[in-house]
There are 2 protein chains.
Amino acid sequence: MTESPEPLDPSVERLARLKGDRCKARIAADRLKSLTDQIDEGEIAAEAEVFRAICDPFRLSILKLLRDGELCVCEIMTALDRPQSSTSHHLSILKRAGLVKERKEGKWSRYRLADGAVIEIMKLAEILRGG
Amino acid sequence: MTESPEPLDPSVERLARLKGDRCKARIAADRLKSLTDQIDEGEIAAEAEVFRAICDPFRLSILKLLRDGELCVCEIMTALDRPQSSTSHHLSILKRAGLVKERKEGKWSRYRLADGAVIEIMKLAEILRGG
DNA sequence: CTTATATATCGAGATGGTTTGATACGACCG
DNA sequence: CGGTCGTATCAAACCATCTCGATATATAAG
């Protein structure tokens with residue numbers, strides 16, 4: 001036996017072939033394990049929901065409109081030329097994701113950005129888009 | 001005729017009822033128009049693609065792994081315990097969106113974050129998620 | 001040249017999201 | 001009250017995306 005006879009789990013076996021050395025493989029496996037341990041599945045899901053809310057072109061347009069201040073559903077649907085039901089539905093998605101806040105005033109529902117971070121996150125997308 | 005007899009387009013008519021005054025309606029319509037004019041459909045689509053790339057939990061996990069440095073496909077699929085074809089597919093989506101870069105080395109493809117802005121955008125999502 | 005390994009691509013099934021008109025709910029006004 | 005207006009919700013058609021096994025490509029090794 002030139003190398004450790006101890007049984008290794010399949011993923012370490014893979015890395016052993018990759019590294020050509022069981023010892024290095026274990027170190028690599030431990031490193032990967034410590035990285036995955038840092039990742040909480042619940043956090044990932046919650047953060048992904050934020051991105052999922054912004055990833056629709058219509059919803060992103062709504063957020064850009066709201067940079068200049070509060071608007072009601074009626075104004076948003078007029079500005080973006082979309083059906084009322086669609087506008088209301090997408091606003092509810094943005095609200096559930098915590099990106100906008102609602103303020104009821106008589107029969108109107110007025111929406112505004114929930115946090116300055118929403119503006120920041122849009123700026124970063126502009127940078128990443130290659131502009 | 002107590003008010004302007006000029007024909008107004010339907011969206012201004014809507015706002016006229018909303019504001020109860022054709023003059024105010026026109027001002028509001030002009031404001032909305034100037035807001036929508038600032039929005040370029042191509043930019044919106046490009047930026048939405050960035051968010052669409054990050055909105056999948058698996059892809060977000062990949063990006064979090066890559067914060068600590070370059071990894072090959074084999075290491076990522078091992079760390080996250082996913083099929084190879086799926087891992088490769090999602091990496092191609094991240095690459096197309098400009099979030100990661102690829103470096104070929106022999107038979108390996110090593111991936112890394114394309115820009116520090118990717119880390120920043122993930123930090124903002126952590127803030128927004130309510131944490 | 002044959003084999004093995006790492007990665008990419010393909011295809012079918014399953015799943016989830018978007019769109020739209022229709023409908024329901026609530027607030028205001030006569 | 002009854003009607004109108006703003007908004008929310010519903011349901012169904014349509015479309016995009018995720019998954020995962022199978023296959024293809026490419027590089028290295030024997």
Side-chain angles (χ1 to χ4, degrees), chain A residues 10-11 13-21 25 28 44-45 48-62 70-97 100-112, chain B residues 10-11 13-20 25 28 44-45 48-49 51-62 70-97 100-112:
Chain A
S11 64
E13 289 289 354
R14 284 196 57 79
L15 292 169
R17 288 198 300 275
L18 234 137
K19 303 285 178 182
D21 175 337
I44 291 283
E49 192 198 354
V50 170
F51 291 118
R52 183 164 301 258
I54 320 182
C55 80
D56 179 82
F58 182 21
R59 290 195 290 269
L60 181 53
S61 300
I62 292 177
E70 205 178 46
L71 292 173
C72 68
V73 181
C74 184
E75 290 170 314
I76 295 170
M77 62 178 276
T78 299
L80 297 175
D81 194 28
R82 291 281 194 136
Q84 182 272 325
S85 68
S86 190
T87 306
S88 180
H89 175 235
H90 286 290
L91 280 165
S92 77
I93 292 174
L94 289 171
K95 192 172 87 169
R96 178 153 30 88
V100 304
K101 284 192 171 158
E102 187 189 8
R103 183 170 68 88
K104 297 258 190 192
E105 187 180 344
K107 45 184 173 178
W108 287 277
S109 290
R110 306 196 185 276
Y111 287 89
R112 63 184 189 281
Chain B
S11 64
E13 289 290 352
R14 283 196 59 79
L15 293 168
R17 287 198 301 275
L18 233 137
K19 303 287 179 180
I44 291 283
E49 193 198 353
F51 292 117
R52 179 159 305 232
I54 319 181
C55 81
D56 180 83
F58 183 20
R59 290 196 289 268
L60 181 53
S61 300
I62 292 176
E70 205 178 47
L71 292 173
C72 67
V73 180
C74 184
E75 290 170 314
I76 295 169
M77 61 179 276
T78 298
L80 297 176
D81 193 28
R82 291 281 194 133
Q84 181 271 325
S85 67
S86 189
T87 307
S88 181
H89 174 236
H90 285 291
L91 280 166
S92 75
I93 292 174
L94 289 171
K95 193 172 85 169
R96 178 152 31 88
V100 304
K101 284 191 172 159
E102 188 189 10
R103 182 171 67 87
K104 298 258 188 190
E105 185 179 345
K107 46 184 173 180
W108 288 277
S109 290
R110 306 195 185 276
Y111 287 88
R112 65 185 187 281

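Lettering follows sequence order; numbering is per chain, from 1. Bear in mind that the values here come from a model prediction, so they are computed numbers and not experimental data.
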**Request:** With the side chain of B:Asp56 defined as its heavy atoms from C-beta on, choose the nearest nucleotide among C:dT7, D:dC18, D:dA8.
**Result:** D:dC18
**Prompt:** Out of D:dT7, C:dA27, C:dT7, which nucleotide sits closest to the side chain of A:Lys107?
**Reply:** C:dA27
**Message:** Does A:Glu102 reach a base, just sugar-phosphate, or nothing at all? Heavy atoms under 4.0 Å.
**Reply:** sugar-phosphate
**Item:** Listed nucleotide nearest any side-chain atom of A:Ser86, set D:dT7, C:dT20, C:dT7
**Value:** C:dT20
**Request:** Look at the side chain of A:Cys72 and decide which nucleotide, out of C:dT19, D:dT7, C:dA8, has an atom nearest to it.
**Result:** D:dT7
**Request:** In whole angstrom, give the distance that lies between atom CG of A:Leu91 and atom P of D:dT9.
**Result:** 11 Å
**Asked** Where the side chain of B:Arg52 meets the backbone of A:Cys55, is there a donor-acceptor pair that is under 3.5 Å apart?
**Response** yes
**Prompt:** Nearest of D:dC18, D:dT19, D:dT7 to any side-chain atom of B:Arg59?
**Reply:** D:dC18
**Selected nucleotide, minimal atom distance to A:Ile93 side chain, candidates D:dT7, D:dT9, C:dT18** = C:dT18
**Request:** Could you work out which one of C:dT5, D:dC20, C:dA8 sits closest to the side chain of B:Ser85?
**Result:** D:dC20
**Message:** I want to confirm an ordering. Mapping A:Gly106 and A:Gln84 to their closest nucleotides on DNA chain C, which one lands closer to the 5' end?
**Reply:** A:Gln84
**Request:** I would like to know whether A:Ile62 and A:Leu91 meet side-chain contact (heavy atoms from CB on, under 4.5 Å); could you show each step before the answer?
**Result:** CA-CA 8 Å; A:Ile62 292 177; A:Leu91 280 165; 3.9 Å; yes
**Check: A:Arg59 side chain, A:Ala53 main-chain N or O, donor-acceptor pair, under 3.5 Å** = yes
**Message:** Of the options C:dT7, C:dT19, D:dC18, whose atoms approach the side-chain atoms of A:His89 most closely?
**Reply:** C:dT19
**Asked** Hey, is the main chain of B:Ser85 close enough, under 3.5 Å, to the side chain of B:Ser88 for a donor-acceptor pair?
**Response** no
**Request:** Name the closest nucleotide to the A:Lys104 side chain, picking from C:dA8, D:dA16, D:dT7.
**Result:** D:dT7
**Prompt:** Given D:dG6, is OP1 or OP2 found less than 4.0 Å from the side-chain N or O atoms of A:Tyr111?
**Reply:** no
